[in-house]
Amino acid sequence: MERYNLKSHNTFGLEAVADHFLEYGSEEELLRLIRQGCLEGRLLHIGAGSNLLFMNPEFHGTVLHSSIRGIEVLREDSEHVWVRVGAGEVWDDFVAYCVEQQWYGTENLSLVPGEVGAAAVQNIGAYGVEVKDLITQVETIDLDGVSRVFEVEECGYAYRDSIFKRADMKRYFVTRVHFCLSKKPHFHTEYGAIQQEIEKRGTLNLNILREVIIAIRQSKLPDPKVLGNAGSFFKNPVVSRTKYEELQRVYERMPHYEIDADHVKIPAGWLIEQSGWKGRTLGPAAVHDKQALVLVNRGGATGADIVALSDAVRKAVSEKFGIEISPEVNFID
Ligand code: EPU
């Protein structure tokens, strides 16, 4: 499709018109697009657009989207099941399916927006679980039409990162992702808010854990259908232990996560709140009032409005704490 409006393909709800928009529903269709030369020139492969910021009202190039579907069981034993999932499956539909089948592993990632392919590219994470812990292989097709399967160890997974985010790796399109899930109960409830909710309910099972996670997320994170946003806008910064100790002397109750002997992670949401930006607006953009890590489109914001807010927030945090926070969202120019 030509001159395609991407408003419904980005959860910020920004107006952005792409020169071309193409969708493929199978590996064969992708290969045909490659053979026909449709993927020459500037390319942007998107998932559900839940982590994208279009900085300009025009995208000069081709936007590509996978609608490869399917959840297949590859093999199973008494303890595990190995499944192969199409990159275009909605992530939370996959989680719901796993919970229905009583397969353990994905439940803490309930309601994370986006699709399976993008989840594998950006290593989504929440409530003590990262998707890399569940992935075994990532199937790809590159711009020359060559198939390649990456073992999980080859994917360079780190906090919200993988090799697929590198500029030189954008030529690989994720087509399917393989996961290993457990048939035996194995819960991650170490997150404070989860424990409190479970205690209130008095029992713990897979369905309850999914419900609890959904309730916690819904209480903090705005629904993009109501208020445009892209989830956490910034990554939680990792600082040196020296820096952490220096701050901790002043802010005794500063939340933090231990990384290693020399590093500590500090929640960016806390830094932003302490900098006075929680709930503050800047034109048609705002910092969410229930979770300062989320920037929202109050209606009619442009990419430039969101960038202006992002810059103001970063500057405030840098001036107050001497910590540079960086966006988790992908800026598209
Ligand atoms: N906090 C504040 N003020 C705020 C927000 C948070 O003081 O406005 C404090 C909280 O009180 C808490 C700490 O910061 O002590 C952490 O907050 P929270 O549990 O809400 O998690 P987060 O670190 O802000 C990360 C992920 C989320 C994920 C949650 C739960 C990143 C960038 N974000 O947020 O992921 O859902 O943990 O695991 O790592 C996303 O990536 O889009 C996303 C929502």
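FYI, side chains are in, hydrogens and waters are out, and symmetry mates aren't considered; it's all heavy atoms of this structure. All values reported here derive from a predicted model rather than from experimental measurement. Counting starts at 1 for both ligands and their atoms, following the listed order.
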Between [X] and [Y], is there a donor-acceptor pair closer than 3.5 Å when you use the side chain of the first and the backbone of the second?
| X | Y | value |
| --- | --- | --- |
| N108 | H188 | yes |
| D133 | E130 | yes |
| D92 | L111 | yes |
| H288 | K220 | yes |
| W91 | L109 | yes |
| R298 | L282 | no |
| K170 | K165 | yes |
| N123 | Y157 | no |
| H65 | V63 | no |

Would you mind checking which non-hydrogen protein atom is closest to [atom], with the distance to 0.1 Å?
| atom | result |
| --- | --- |
| atom 34 (O) of ligand 1 | L293 CD2, 3.8 Å |
| atom 21 (O) of ligand 1 | Y191 OH, 3.6 Å |
| atom 4 (C) of ligand 1 | E273 OE1, 3.4 Å |
| atom 41 (O) of ligand 1 | R160 NH2, 2.8 Å |
| atom 16 (C) of ligand 1 | Y257 OH, 3.2 Å |
| atom 36 (O) of ligand 1 | R217 NH1, 3.4 Å |
| atom 18 (P) of ligand 1 | K220 NZ, 3.9 Å |
| atom 8 (O) of ligand 1 | A292 N, 2.8 Å |

Near [X], which atoms of ligand 1 are under 4.0 Å from a heavy atom of that residue?
| X | result |
| --- | --- |
| N236 | 23 (O), 31 (C), 39 (O) |
| K278 | 3 (N), 4 (C), 8 (O) |
| P255 | 15 (O) |
| G231 | 42 (O) |
| S232 | 26 (C), 27 (C), 31 (C), 32 (C), 33 (N), 35 (O), 40 (C), 41 (O), 42 (O), 43 (C), 44 (C) |

- Would you say A126 and ligand 1 have an N/O pair spaced under 3.5 Å apart? no

- Task: Could you say whether the N/O atoms of K235 and ligand 1 ever approach to under 3.5 Å?
- Result: no

- Task: Under 4.0 Å, heavy atoms only, figure out whether ligand 1 is touched by the backbone of Q291, its side chain, both or neither.
- Result: both

- Examine the proximity of ligand 1 to K290 and report which part, side chain or backbone, both or neither, has a heavy atom under 4.0 Å away. neither

- Message: Yes or no, since that's all I need: does a protein heavy atom fall within a distance strictly under 4.0 Å of atom 1 (N) of ligand 1?
- Response: yes

- Message: Under 4.0 Å and counting heavy atoms only, is there anything from the protein next to atom 10 (C) of ligand 1?
- Response: no

- Query: Taking the non-hydrogen atoms of Q274, is any one of them nearer than 4.0 angstrom to ligand 1?
  - Reply: no

- Message: Would you say the rings of W270 and Y251 are close, in the sense that their centroids are separated by under 6.0 Å?
- Response: yes

- Message: Given F233, F234, W270, Y159, identify the one with the heavy atom nearest to atom 7 (O) of ligand 1.
- Response: W270

- Can you label the angle between the F21 ring and the H9 ring as parallel, tilted or perpendicular, going by 30° and 60°? tilted

- Task: Mind telling me whether H45 and Y24 have parallel, tilted or perpendicular rings, with 30° and 60° as the class edges?
- Result: perpendicular

- Note on the structure: Sorted by chain and number, sequence neighbours left out, side chain to side chain contact (heavy atoms under 4.5 Å, CB included) with T140 holds for V138, R148, F150, F164, Y172, V174

